[in-house]
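Computed over heavy atoms, backbone and side chain alike; hydrogens, waters and symmetry mates excluded. Since the structure is predicted, the reported quantities are computational estimates derived from the model, not experimental observations. In the text below, chain A, chain B and the rest are named by the order of the sequence lines, each starting its count at 1.
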Protein chains: 2
Amino acid sequence: MSTSLHAHVVEHLGSRIVGGQIPRGSILLAAELEEKLQVSRSVIREAIRVLAQSGLVTSTKRVGIRVLGAESWNPYDTQVIRWRLVSEQKGTQLRSLTELRISVEPMAAELAAEVAPENMRKELMMISAQMSHYGRQGDLHKFLELDIRFHSLVLAASGNEMFANLATPIGAILRGRTELGLMPERPHEEALLWHQSVSDAISNSDSAGARKNMESIMRRTHNEICSLWEGQPRVFVDPPKEPR
Amino acid sequence: MSTSLHAHVVEHLGSRIVGGQIPRGSILLAAELEEKLQVSRSVIREAIRVLAQSGLVTSTKRVGIRVLGAESWNPYDTQVIRWRLVSEQKGTQLRSLTELRISVEPMAAELAAEVAPENMRKELMMISAQMSHYGRQGDLHKFLELDIRFHSLVLAASGNEMFANLATPIGAILRGRTELGLMPERPHEEALLWHQSVSDAISNSDSAGARKNMESIMRRTHNEICSLWEGQPRVFVDPPKEPR
DNA sequence: TGACACCAATCTGTGCAGGCATAAAAATAA
DNA sequence: TTATTTTTATGCCTGCACAGATTGGTGTCA
């Protein structure tokens, strides 16, 4: 076993809960899991703690480990996102993430134009130049990696750690989009120019320009993939009753 | 003890790490923690698992439990946010959250106008009416609770669970703003009208209007509290090197 | 002498097994 | 209905064995 044992248990249970094989409301007993997964109590307990933190289960005395419904899951948990992306809720997850990035990336570009450190502005210029090159050449694989790097960099250059932290799931979206063949066989010239303009604007501290061009990119992105979740139902959670 | 033991340990260690009393790079030993906190190994281990998931520590054999720096912390973890809000990084945390809500709430309002269920539209109308009433009356406490409910509702009514999940930290921002006396002694008439207009627009499925008025609210909000983080340094994290 | 590869000691987290305490649901009595 | 007892699964503790990483020493060769 290379990775730790309890991580395997987390993976096993987490993917099954998110995937729907273990339906909401199920009651798991630590003793049963011990036997079924052939691990000791301590491993089970640590795994349950982790799952509880992600909002997948709660464990209460005398009743057991209750599996919670999707509305309790922490939607920013990277594992939850990963599990959802390979489940039937894939469409819903893609929609949420895409709406989030449409909201965030223009602001990130605007901020980056104001506060990005010099080396990041330089790297952005390099990346967008390479994107144009490989894009016109039709090298989709290389283009994808550059695209991911580009958007991650803009998010990081905003100096907002919450923005920066979205890089990984957004990268997953971009990968998924090309894997599903939702990318044109050769990037649109327009898109190449917009990326170029974003990095130009950031380099010139032109925050309005950075935002405007990033908004253009987001608009096209949305149009390209919104067909994926056509008809997927929306989830409405009751807002938290004022605690404390 | 009403709450569980391991939760106390998580709280103890987490708040100290985020608060800076336990500096990055420190090495904690499970045995020492056992003795210092007077709890057993199992409790320590479960707590460490939870802290590790939040990115506060990693534990490796032969070396111990290493305390990680702020760039590794999960910025969407509710506990991390809570701890940061009572630490010296309060300004940075407020800025990140505010920038995020400025990005997200206009989009949430726009979506809500398109997809919100009828009961949520109704409640929004009620809330905004009450906000006007108590606001003009100068009842800041009542106004605050309504304001929190209003924004939480819009986020929930967007049908995007990632948006909806921001309600709690955003509520914390709003509470903090009034506690710090950053609210005018009586809400501006303008702000009351904007809230009213947002709920009107959502009720009438006028997505453009909902967005526009929410943007106005966000602009004013930003101006009212951006003084809090004047001069706070920004954190630039390296974007994740493409995995897989 | 000095550089380097290799091996053994040691330290610390990880996992296992079993024990008792306790809280909360369920059943029973009042 | 209300109060009390019983039941039962989790919470917490402890002793032990193991795995894997660091460290230091040993030996070889240049």
Output one line per pair: protein atom, nucleotide atom from nucleotides 23-25 of chain D, and distance, for all N/O pairs under 3.5 Å.
none

Rounded to the nearest 0.5 Å, the CZ atom of B/Phe163 sits from the OG atom of B/Ser103 at a distance of 9.5 Å
Please walk me through it: do B/Glu46 and B/Arg41 pass salt bridge (Lys or Arg N to Asp or Glu O under 4.0 Å)?
CA-CA 9 Å; B/Glu46 289 166 34; B/Arg41 277 205 304 276; over 6 Å; no
In whole angstroms, how far is the [atom2] atom of [N] from the [atom1] atom of [X]?
| X | N | atom1 | atom2 | answer |
| --- | --- | --- | --- | --- |
| A/Glu46 | C/dG15 | CD | P | 7 Å |
| A/Ile48 | D/dC12 | CD1 | P | 15 Å |
| B/His8 | D/dC12 | NE2 | C1' | 15 Å |

Using only heavy-atom distances, determine whether the side chains of A/Asp77 and A/Ser54 contain a donor-acceptor pair under 3.5 Å.
yes
Positions of residues 27-45 of chain A (non-hydrogen atom under 4.0 Å from DNA chain C), listed by number
A/Val39, A/Ser40, A/Arg41, A/Ser42, A/Val43
Please report the shortest heavy-atom distance between B/Trp229 and B/Gly91, naming the atom on each side.
CB-O, 3.7 Å
B/His151 and B/His195: aromatic ring centres closer than 6.0 Å?
yes
By nearest atom, which of the nucleotides D/dT10, C/dG13, D/dC12 is closest to the A/Lys61 side chain?
D/dT10
Identified side chain to side chain donor-acceptor pair (under 3.5 Å) counterpart of B/Asn160 within the set A/Arg234, A/Arg95, A/Glu99:
A/Glu99
So, is B/His6 near the phosphate of D/dC12, with a side-chain N or O under 4.0 Å from OP1 or OP2?
yes
NA contact type, B/Arg66, heavy-atom cut-off 4.0 Å: base, sugar-phosphate, or nothing?
nothing
Show, in sequence, the C-alpha distance, side-chain angles and deciding distance for A/Glu11 and A/Arg82, and conclude whether the salt bridge (Lys or Arg N to Asp or Glu O under 4.0 Å) test is met.
CA-CA 11 Å; A/Glu11 185 66 31; A/Arg82 188 162 45 75; 3.3 Å; yes
How far apart are the C-alpha atoms of B/Lys142 and B/Asp147, what are their side-chain angles, what is the distance that settles it, and do they pass the salt bridge (Lys or Arg N to Asp or Glu O under 4.0 Å) test?
CA-CA 9 Å; B/Lys142 191 78 181 161; B/Asp147 197 20; over 6 Å; no
If you assign each of A/Val63 and A/Ala7 to its closest nucleotide in DNA chain C, which residue comes earlier from the 5' end?
A/Ala7
